[in-house]
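For reference, positions follow the sequence shown, starting with 1. Side chains are part of it too, since the values below use all heavy atoms of this structure and drop only hydrogens, waters and symmetry mates. Being a predicted model, the structure only gives us computed values, none of them experimental.
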Amino acid sequence: MKLKISFFNPGIFKQDLRQHGWIGVIYLLCLLFVLPLQMLLILSKDDSYLYYIKDLTNYFEIARDGQLMFLFTLPVIAGIFLFRYLQTEASVDMAHSFPVKRTVHYVSHIISGIFMLILPIVITAVFAFIITKWDAGFNKVFTFPELLNWIGITSLLTVFLFLLTVLVGMITGISVVQGILTYVVLFLPIGILLLLDANLNRILFGFSSSHFLYENSEVLSPFIRFTEIVYKPFSAVEIIVYCIFTIVFLIAGKILYDHRHLERAGDSIVFPYLKPVFKYGMTFCTMLLSGAYFSSIQNGSTGWLIFGYISGSIIGYIIAEIILQKSWRILKPSMAMSFGGYSIIIVLIYFSLSTDVFGYEKKLPSLDNIEAVYLENGNYLNEGYHGQKLRFSSDQSYIQDVRKLHEAIIQQKGQVIKRDSTIYEPTTLLIYKLKSGKKVAREYVFSNKVFSIELKPIIGSIEYKKAHFPLNNAATKANVAEIYSTAPINKNLKLTDPKEIQELKKAIEKDYLTQSYEDIISPGTAWGRVEFSHSNPSPYSDENNYADLELKPSYKEVEKWLADKNYLSRVKLLPEDIATLEIAKGSNDFSKEESEIDIEAYYNKLTSKKIEVTDKKLINEVLNKFSDYDEEAHYYVKMSFINGNEWYVVLREKNVPAELLQALK
């Protein structure tokens with residue numbers, strides 16, 4: 001006996017393939033271009049290709065940008081064209097005039113779309129498999145499970161995007177709006193996240209912008225998540241979540257299709273109860289965008305923030321009404337009540353946040369609940385720190401010191417808020433890892449002088465220095481180390497001997513971990529920099545191919561190692577490199593902005609006494625204490641090198657040798 005009830009119509013399927021099969025053909029050509037063809041191009045690099053493929057771990061690393069572009073466009077195009085008949089009255093009436101139920105229409109088109117999108121993925125995988133087996137180099141890198149993983153993830157995201165587009169198509173009656181809204185929905189979570197971040201950062205004292213984005217961005221954006229898939233594969237939980245959302249899109253699209261009024265074709269939003277969601281959602285997003293914009297260009301001014309909220313709300317509300325009504329004539333008495341109700345709710349939310357009704361700003365975890373802590377203060381120790389995971393410390397003494405600092409910041413909130421925003425101050429990030437598994441993060445900008453007592457035991461501790469050791473994985477794998485002087489003099493050294501590179505790294509580590517608090521916060525300019533790199537970095541690796549850090553005057557172990565190797569004179573500015581050195585005292589009314597821009601111009605205007613220094617010992621003292629910029633320095637130095645170059649630097653009074661101070665009186 002034949003099954004009389006069927007949800008699939010072969011005729012619709014065949015018609016879709018005839019009419020829209022070009023989408024599948026284009027998807028196939030695109031995938032063949034970004035995967036098998038790119039693999040063949042790598043093979044054409046003769047023997048050098050072996051180096052390029054040795055760091056590859058999965059198929060997503062090959063032309064990832066191309067895969068990303070086609071993955072996030074072709075499924076959307078398929079979703080628009082396969083259901084485009086719903087967007088015009090003539091085609092929708094004709095399609096539903098046949099004795100075919102809506103369920104059959106919906107399921108048949110869905111199967112057609114999935115078929116024409118999945119088949120290109122399978123064909124591409126077959127070609128990739130043949131190339132992999134054909135070449136021994138690829139065969140060692142790519143396994144069959146890796147290929148299945150590529151097929152699975154690509155297919156899952158393809159169907160996910162296709163069904164999301166279909167779902168959006170059930171809500172709107174215009175194809176162009178369907179495409180726009182699909183990407184709006186796709187990027188809406190991360191967009192709202194960015195807007196909330198930009199606004200909460202100006203309302204809540206201590207709101208951690210960097211941690212907020214770091215913790216949530218990849219979770220809320222499939223696009224961002226795919227960019228990280230190379231070095232962070234999808235977990236089982238993520239795959240399950242995407243599968244659930246895909247099924248939800250499928251079912252929700254079916255429900256909306258069944259309840260869609262066919263005569264609504266051509267409307268921006270076809271369901272009346274979704275129009276308020278669109279209207280107030282657009283008003284809210286425009287409000288946040290405008291508030292963030294006006295606040296940012298006016299140095300965080302609260303007045304301009306509020307002005308941005310008001311103007312953005314009005315503009316967003318008007319645009320939403322124009323889109324919904326498809327007319328410029330939108331003024332109605334009901335608009336005042338509708339917008340007024342929205343405004344009251346927003347005012348209440350803003351008031352509750354700005355007055356800290358929920359106690360966010362004063363929240364301080366108890367010592368008993370803190371498992372570990374992380375603190376970042378500016379970039380004193382973070383030179384060359386590239387994308388390493390945060391290194392939390394569970395040392396109880398360190399946790400206690402960090403908590404004391406946090407407590408002091410909360411108590412002196414007024415002083416922190418009233419700081420001069422035109423002057424650069426370091427950002428301090430605090431993250432508590434609680435025993436419950438949760439994290440509490442706070443971020444503040446203040447002058448370190450205000451909390452120097454609390455900061456000294458933290459920044460000077462071995463725990464802080466270990467947590468911020470800058471030599472990352474790139475330095476570990478480096479086979480080249482380049483040292484060069486920061487002075488305007490041609491001094492540099494390139495090391496390629498693995499033993500010497502290892503010895504240099506050990507010397508740096510010893511100096512780095514034995515720095516005192518005073519050494520760390522000293523404004524003294526580093527005499528050099530060292531850069532660790534790989535001579536042949538892989539273009540397919542997302543890891544940074546270099547690590548670099550400053551070589552400070554306090555790095556005595558490094559200087560000793562260089563001196564023992566007879567390298568010091570090749571990389572560091574020494575008294576022997578200076579033809580003449582002059583020093584003069586500047587006036588206290590000197591403009592900070594001018595000092596930061598042009599010390600040379602200011603030095604040449606000085607009418608105070610200038611003395612020439614010839615004693616090599618005194619010159620060496622100056623070379624170990626000077627800064628290229630320091631707003632608290634009032635002594636100015638002109639160095640003339642034997643190569644003809646000149647350098648103008650500054651010194652604090654306490655760093656000027658006593659003999660020179662006496663001579664300048």
Side-chain angles (χ1 to χ4, degrees), residues 20-79 113-162 165 186 218 221-235 238-239 242-243 246 537-543:
H20 306 297
W22 57 270
I23 298 174
V25 174
I26 291 178
Y27 198 29
L28 173 61
L29 293 175
C30 291
L31 290 178
L32 290 175
F33 175 78
V34 297
L35 195 62
L37 180 59
Q38 294 300 317
M39 294 173 70
L40 291 174
L41 289 175
I42 294 174
L43 292 177
S44 68
K45 296 180 181 291
D46 300 323
D47 293 337
S48 62
Y49 87 95
L50 291 173
Y51 172 77
Y52 291 104
I53 68 174
K54 71 176 183 178
D55 290 330
L56 297 177
T57 57
N58 56 61
Y59 287 92
F60 294 105
E61 291 188 70
I62 300 176
R64 184 190 61 185
D65 293 341
Q67 293 191 50
L68 181 69
M69 179 177 65
F70 298 132
L71 175 61
F72 281 83
T73 53
L74 270 302
V76 174
I77 292 174
I114 293 176
F115 175 78
M116 69 175 62
L117 290 172
I118 297 300
L119 184 60
I121 296 174
V122 175
I123 295 174
T124 301
V126 171
F127 279 99
F129 179 75
I130 293 172
I131 295 173
T132 301
K133 290 300 179 183
W134 174 41
D135 182 78
F138 275 125
N139 198 20
K140 292 178 181 178
V141 175
F142 296 131
T143 62
F144 187 68
E146 283 292 343
L147 182 61
L148 292 179
N149 179 64
W150 181 85
I151 296 173
I153 297 298
T154 305
S155 299
L156 174 60
L157 291 178
T158 296
V159 176
F160 172 88
L161 292 168
F162 170 67
T165 307
L186 192 61
E218 67 176 43
S221 174
F223 185 87
I224 294 178
R225 181 63 186 89
F226 187 82
T227 62
E228 299 176 344
I229 196 172
V230 170
Y231 53 90
K232 189 178 180 181
F234 272 53
S235 65
E238 287 179 300
I239 293 174
Y242 273 95
C243 287
T246 301
S538 171
Y540 299 101
S541 175
D542 270 334
E543 290 186 356

Q.
Among Thr132, Thr154, Thr124, which residue satisfies the side chain to side chain donor-acceptor pair (under 3.5 Å) criterion with Tyr59?
A. Thr132
(Q) Ring-plane angle category for Tyr242 and Phe234, please: parallel below 30°, perpendicular beyond 60°, tilted otherwise. (A)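 Plane angle between 30° and 60°, so tilted.
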(Q) Can you tell me how the ring of Phe144 sits relative to the ring of Phe129, calling it parallel under 30°, perpendicular over 60° and tilted otherwise? (A) perpendicular
**Q.** Ile118 side chain reached by Ile151 side chain, heavy atoms, under 4.5 Å
**A.** no
Closest non-hydrogen atom pair between [X] and [Y], with its separation:
X      : Y      : result
Val34  : Ala63  : O-CB, 3.3 Å
Met116 : His20  : SD-O, 3.5 Å
Pro36  : Ile131 : O-CD1, 3.4 Å
Phe162 : Gly113 : CZ-CA, 3.7 Å

Considering only distance and modelled atom types, tabulate donor-acceptor pairs under 3.5 Å from the side chains of residues 70-77, sequence neighbours left out.
from	atom 1	to	atom 2	distance (Å)
Thr73	OG1	Met69	O	2.9
Thr73	OG1	Phe70	O	3.3

From [atom1] ([X]) to [atom2] ([Y]), nearest 0.5 Å:
X      : Y      : atom1 : atom2 : result
Phe60  : Glu146 : CZ    : CD    : 9.0 Å
Lys133 : Leu147 : NZ    : CG    : 9.5 Å
Leu68  : Leu157 : CG    : CG    : 10.0 Å
Asp65  : Gln67  : CG    : CD    : 9.5 Å
Leu40  : Gln38  : CG    : CD    : 9.5 Å

Q) If only atom types and distance count, is the side chain of Glu238 paired as donor or acceptor with the main-chain N or O of Ser235 below 3.5 Å? A)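 At least one qualifying donor-acceptor pair exists.
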Atom pairs and distances, donor-acceptor, side-chain atoms in residues 24-32, under 3.5 Å, two or more places apart:
from	atom 1	to	atom 2	distance (Å)
Tyr27	OH	Thr158	OG1	3.0

Q | By ring-ring contact (aromatic ring centres under 6.0 Å, His included) - contacts of Phe127 (at least two apart) | A | none
